[in-house]
Asks: 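Starting off with a structure, shown below.
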Amino acid sequence: MLVKELRLEGVTSKSWTTQDGRVREGKLIDKTLVYALLHNRTYLGELRHKEEWYPAEHLPIVDQEWWGKAHAILSTNSRVRGNNTRSKVPFLLKGMVFGNDGRALSPWHTIKKSNGRRYRYYIPQRDAKEHAGASGLPRLPAAELESAVFDQVRAILRSPDLVTDILPRAVKLDPSLDEAKVTVAMTRIDAIWDQLFPAEQTRIFKLLIEKVIVSPTDLEVRLRPNGIERLVLELRPEPATEAAEATA
């Protein structure tokens, strides 16, 4: 996921010039480079001689404790690491979903014994406290609801008149913004959404959405005041990214 995000941002390795004046351009970040960085003990204040690492005179920029924590994670199976990350934030809309009667829906999950698969739902609190069907709402599959909410958010961000509407407010927050930068920021969410960790998807939802209201026949997404402007500030192209896009 990190590699995909860095590549989407146009981040590259260091550019350098050879002794005979030839320029070596930086390359887009890949998994090999990330692993090389994570295993480079130079950051611990060491230098390598042949196959051994020894204390050097330069100061470390990473302390031993954080190095140890990172390598403890790296030593675990990649599938286990992914499952651990997903299990920490399994519900993107936690605390934001309400029925049309104003009562909240709560995250709930069950694991099927036959295959160990997890099934996630949002269920009406009224049903849990009173009786099944009291709210008039079914239990809602979490993946379907989260996808439907994102589709509504995507449609809002694609609205032709939205850039004109929010540009003056966004410029008040960051005077360097212009129409092109706001447009790029608002379309970027489409490109990166599927590559984001659930925790980051949740953070973006909380940034944008005040409340999701569900009824037996409808779904309403209410945005936070200034939510879109704040998203634009988060996703606006940085100078390095603009230069990479201009030369691509």
Side-chain angles (χ1 to χ4, degrees), residues 1 4-5 78-162 165-166 185-232 234-235:
M1 292 297 185
K4 290 181 179 178
E5 290 182 44
S78 60
R79 179 172 294 180
V80 172
R81 293 201 303 269
N83 288 340
N84 288 340
T85 300
R86 286 186 289 273
S87 67
K88 290 178 182 177
V89 190
F91 293 93
L92 308 187
L93 297 169
K94 183 178 180 180
M96 289 183 272
V97 186
F98 296 83
N100 56 342
D101 61 356
R103 305 280 284 270
L105 276 73
S106 301
W108 180 81
H109 77 271
T110 183
I111 298 176
K112 194 170 184 178
K113 292 183 179 179
S114 61
N115 58 14
R117 186 174 180 181
R118 178 187 303 212
Y119 294 86
R120 302 181 304 123
Y121 300 93
Y122 293 92
I123 61 172
Q125 287 187 4
R126 184 176 175 184
D127 288 14
K129 292 180 179 179
E130 298 178 20
H131 59 83
S135 67
L137 294 170
R139 62 181 185 180
L140 302 173
E144 292 180 18
L145 179 61
E146 291 159 1
S147 178
V149 168
F150 181 65
D151 285 344
Q152 283 207 21
V153 169
R154 178 191 283 119
I156 293 169
L157 296 178
R158 287 177 173 176
S159 172
D161 299 327
L162 186 60
D165 183 45
I166 72 164
M186 290 170 58
T187 56
R188 181 175 289 180
I189 191 67
D190 265 348
I192 68 172
W193 182 258
D194 290 336
Q195 280 73 49
L196 296 177
F197 283 114
E200 186 64 9
Q201 291 177 337
T202 299
R203 192 182 67 80
I204 289 176
F205 269 163
K206 288 184 179 296
L207 186 72
L208 274 176
I209 298 170
E210 180 179 20
K211 186 181 291 187
V212 175
I213 302 174
V214 294
S215 73
T217 59
D218 196 21
L219 169 67
E220 178 188 356
V221 178
R222 294 184 183 177
L223 300 183
R224 293 185 180 277
N226 296 324
I228 295 177
E229 292 92 324
R230 292 167 62 194
L231 179 67
V232 166
E234 292 250 342
L235 299 179

Asks: Could you tell me whether the side chain of K211 reaches within less than 4.5 Å of the side chain of M96, counting heavy atoms only?
Replies: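 In short, these two side chains do not touch, never coming nearer than 4.5 Å.
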
Asks: Say you draw a straight line from CE of M186 to CZ of R154; how long is it, rounded to the nearest 0.5 Å?
Replies: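 Rounded to the nearest 0.5 Å, the CE-CZ separation comes out at 13.5 Å.
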
Asks: Side-chain contact test, heavy atoms from C-beta onward, threshold under 4.5 Å: evaluate it for L105 versus L137 and give yes or no.
Replies: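 Answer yes - side chains close enough.
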
Asks: Looking at every non-hydrogen atom in both residues, tell me the closest pair between P216 and G136 and how far apart they are.
Replies: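 For P216 and G136, the tightest heavy-atom pair comes out as CG-O, 3.6 Å.
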
Asks: Where the side chain of Q152 meets the backbone of L219, is there a donor-acceptor pair that is under 3.5 Å apart?
Replies: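 Checked: pair present.
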
Asks: Given 3.5 Å as the limit, does a donor-acceptor pair link the side chain of D127 with the main chain of G133, or not?
Replies: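 Side chain of D127 to backbone of G133, a donor-acceptor pair under 3.5 Å: yes, one is there.
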
Asks: Determine whether more than 12 heavy atoms belonging to other residues, nucleotides or ligands lie under 6.0 Å from atom NZ of K94.
Replies: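 Not more than 12 within 6.0 Å, no.
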
Asks: Is there a side-chain contact between N100 and V214 (heavy atoms, below 4.5 Å)?
Replies: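 Answer no - side chains too far apart.
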
Asks: Does T202 reach the main-chain N or O of P198 with its side chain, forming a donor-acceptor pair under 3.5 Å?
Replies: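 Side chain of T202 to backbone of P198: a pair is present.
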
Asks: Start with the C-alpha distance between Y119 and H109, add both sets of side-chain angles, then the distance that settles side-chain contact (heavy atoms from CB on, under 4.5 Å), and finish with yes or no.
Replies: CA-CA 5 Å; Y119 294 86; H109 77 271; over 6 Å; no

Asks: Can you find a heavy atom in the side chain of I209 that is under 4.5 Å from one in the side chain of V221?
Replies: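 In short, these two side chains touch, coming nearer than 4.5 Å.
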
Asks: Can you tell me how far CG of L208 sits from CZ of F150, rounded to the nearest 0.5 angstrom?
Replies: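 One finds 9.5 Å between CZ of F150 and CG of L208.
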
Asks: Could you please spell out the steps behind the side-chain hydrogen bond (donor to acceptor under 3.5 Å, both in side chains) verdict for Y122 and E144?
Replies: CA-CA 10 Å; Y122 293 92; E144 292 180 18; over 6 Å; no

Asks: Could you tell me whether R120 and E146 make a salt bridge, using a distance below 4.0 angstrom between a side-chain N and a carboxylate O?
Replies: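 Result for this pair is yes, salt bridge flagged.
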
Asks: Rounded to the nearest 0.5 Å, what separation is found between the CZ atom of F91 and the CZ atom of F205?
Replies: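 The CZ atom of F205 is 14.0 Å from CZ of F91, to the nearest 0.5 Å.
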
Asks: When rounded to the nearest 0.5 angstrom, what is the spacing between CG in L207 and CG in N226?
Replies: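 Those atoms lie 10.5 Å apart.
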
Asks: Less than 4.5 Å apart, side chain to side chain, heavy atoms only: is that true for E220 and V212?
Replies: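 SC-SC contact between E220 and V212 ruled out.
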
Asks: Side chain of Q201, backbone of W193: donor and acceptor closer than 3.5 Å?
Replies: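 Checking the backbone N and O of W193 against the side chain of Q201, a donor-acceptor pair under 3.5 Å is found.
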
Asks: Where the side chain of R224 meets the backbone of K206, is there a donor-acceptor pair that is under 3.5 Å apart?
Replies: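 Present.
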
Asks: Could you tell me the separation between the CZ atom of F98 and the CD1 atom of I213, rounded to the nearest 0.5 Å?
Replies: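 It is 8.5 Å, given to the nearest 0.5 Å.
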
Asks: Side chains of Q125 and R103: closer than 4.5 Å at any heavy-atom pair?
Replies: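 The answer is no, as the side chains (C-beta and beyond) never meet within the 4.5 Å cut-off.
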
Asks: Roughly how far, to the nearest 0.5 Å, is NZ of K112 from CZ of R117?
Replies: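 R117 CZ to K112 NZ: 8.5 Å, rounded to 0.5 Å.
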
